[in-house]
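Below is one structure, written out as structure tokens, with a few remarks after it.
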Amino acid sequence: MAQCGKCGAVIAEGREISLRSKGGHATTVCPTCASTSFVGRALKDERENPNMGGAILLGLGAAIISSILWYTIVVLTNYQLG
């Protein structure tokens, strides 16, 4: 059983909702608090102020790592799948 980070209510197992902020801080809230403006404001902030620079850097990093992995497999196995 968890406890709501907003109202302090005890949350039944499987009913907790975990919210993560931009800074990576996680908060567990009950379904009642999740449906209030607390969550609405947090989601609105995420939509209005997205971290595009971080998203582009992570996407570029994933593309580079995937390309290196694909090339390594082709070189080692001499077998290429398209």
Side-chain angles (χ1 to χ4, degrees):
M1 294 212 155
Q3 188 172 6
C4 179
K6 180 156 173 61
C7 69
V10 176
I11 307 169
E13 185 146 349
R15 303 274 302 158
E16 63 270 352
I17 299 169
S18 182
L19 302 174
R20 189 170 303 274
S21 68
K22 282 184 179 180
H25 177 71
T27 304
T28 301
V29 295
C30 65
T32 304
C33 289
S35 64
T36 64
S37 62
F38 168 72
V39 176
R41 284 193 312 266
L43 293 176
K44 183 179 179 184
D45 183 49
E46 291 286 332
R47 281 193 310 270
E48 291 178 355
N49 303 310
N51 184 1
M52 293 302 291
I56 290 170
L57 287 176
L58 285 174
L60 185 59
I64 290 170
I65 290 170
S66 299
S67 298
I68 292 170
L69 180 63
W70 177 81
Y71 181 77
T72 303
I73 291 171
V74 169
V75 168
L76 291 177
T77 63
N78 231 6
Y79 190 71
Q80 179 177 339
L81 295 174

Would you please name every residue forming a side chain to side chain contact (heavy atoms under 4.5 Å, CB included) with Ile73, sequence neighbours left out?
->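 Side chain to side chain contact (heavy atoms under 4.5 Å, CB included) check on Ile73 returns Leu69, Thr77.
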How far apart are the closest heavy atoms of Cys4 and Cys30, and which atoms are they?
->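 Looking at all heavy atoms of both residues, the closest pair is SG-N, 3.4 Å.
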Same apolar cluster (I L V M F W Y, side chains within < 4.5 Å links), Leu76/Tyr71 =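 They do not share one cluster, since no chain of ILVMFWY contacts under 4.5 Å joins Leu76 to Tyr71.
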What's in the same ILVMFWY side-chain cluster as Ile68, cut-off under 4.5 Å, chained through other members?
->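 Direct or chained contacts put Ile68 with Leu60, Ile64.
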Do any N or O atoms from the side chain of Gln80 and from the backbone of Val74 form a donor-acceptor pair under 3.5 angstrom?
->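 No, because the side chain of Gln80 does not come within donor-acceptor range (under 3.5 Å) of the backbone of Val74.
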